[in-house]
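Notes to accompany the following structure.
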Amino acid sequence: MSRSERRKIRRAYGDERADLFSSHDDTDNSGGIRRRRGGATPHNADGRGQDRDVAESLRRTNAMMQQGLESVSGLRGAIDSDGKILRDANEDHQGMSGNVKGARGTLLRLRAQEMW
């Protein structure tokens, strides 16, 4: 995931968090209705509009979290794959190490035979 994608997700998460914790129909000091960020106001006075806003915000948060989970599961798959490659390379290296030791011993015996 690129840096700009992570930044977008963090920004979206912050926006969702702010929306969830902001009050949609509180009154300000002048007695008027305080507007939400972006100028939106409640749909109606009985709270149904606010309920819809919260539900929509939760749907967006859910979608964002699903994307995060998909990203993490993809990353975990890559890490597991890399771990397998490293284990296989280590096994190959160990096998070659045994071959090198055997060849070294054979070379020493051949040199010893040449000397006699």
Side-chain angles (χ1 to χ4, degrees):
M1 180 180 299
S2 72
R3 183 178 293 172
S4 64
E5 290 172 331
R6 286 191 302 261
R7 195 175 302 131
K8 285 178 187 177
I9 290 172
R10 266 189 252 123
R11 189 176 304 128
Y13 176 76
D15 290 347
E16 293 297 322
R17 184 170 162 68
D19 285 344
L20 286 172
F21 289 111
S22 69
S23 175
H24 298 289
D25 58 355
D26 289 342
T27 57
D28 61 13
N29 292 336
S30 65
I33 292 180
R34 186 171 61 193
R35 292 180 171 263
R36 286 178 58 197
R37 191 169 37 138
T41 58
H43 296 285
N44 56 32
D46 65 3
R48 283 188 232 151
Q50 185 176 3
D51 292 345
R52 278 187 285 239
D53 289 344
V54 170
E56 179 60 29
S57 179
L58 289 172
R59 277 192 285 278
R60 288 191 308 264
T61 301
N62 187 10
M64 184 178 62
M65 293 177 85
Q66 287 294 331
Q67 289 173 345
L69 285 173
E70 290 169 7
S71 173
V72 167
S73 66
L75 183 60
R76 181 174 178 193
I79 289 171
D80 290 344
S81 173
D82 289 349
K84 183 182 181 319
I85 290 169
L86 288 172
R87 282 190 297 277
D88 292 346
N90 187 33
E91 289 173 8
D92 291 344
H93 176 73
Q94 295 297 327
M96 286 183 197
S97 178
N99 291 340
V100 169
K101 286 180 183 176
R104 187 176 297 144
T106 303
L107 237 140
L108 288 173
R109 281 194 298 274
L110 285 173
R111 285 186 184 154
Q113 287 176 0
E114 284 179 357
M115 307 253 314
W116 293 102

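The structure presented is a predicted model; accordingly, all values stated were derived computationally and were not measured.
Here the straight-line distance linking atom CZ of Arg7 with atom CZ of Arg3 works out to 7.0 Å at 0.5 Å rounding. Separation of atoms CZ (Arg87) and CG (Asp82) is listed at 10.5 Å; rounding is to 0.5 Å. Taken to the nearest 0.5 Å, the CG atom of Leu86 stands 13.0 Å off from the NE2 atom of His93. Atom-to-atom distance recorded for Asp80:CG and Ile85:CD1 is 11.5 Å, nearest 0.5 angstrom. To the nearest 0.5 Å, atoms OG1 (Thr106) and CZ (Arg104) are separated by 11.5 Å.
A salt bridge does not link Lys8 to Glu5: none of the charged nitrogens lies less than 4.0 Å from a carboxylate oxygen.
You'll find the side chain of Arg60 reaches within 4.5 Å of the side chain of Ser57, heavy atoms only. Using a 4.5 Å cut-off on side-chain heavy atoms (C-beta onward), Arg76 and Ile79 make no contact.
Side chain of Ser81 to main chain of Gly77: no donor-acceptor pair is present (N/O by atom type, distance under 3.5 Å, no hydrogens or angles).
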With salt bridge (Lys or Arg N to Asp or Glu O under 4.0 Å) as the criterion, how do Arg59 and Glu56 come out once you've worked through the C-alpha distance, each side chain's angles and the decisive distance to 0.1 Å? CA-CA 5 Å; Arg59 277 192 285 278; Glu56 179 60 29; 3.3 Å; yes
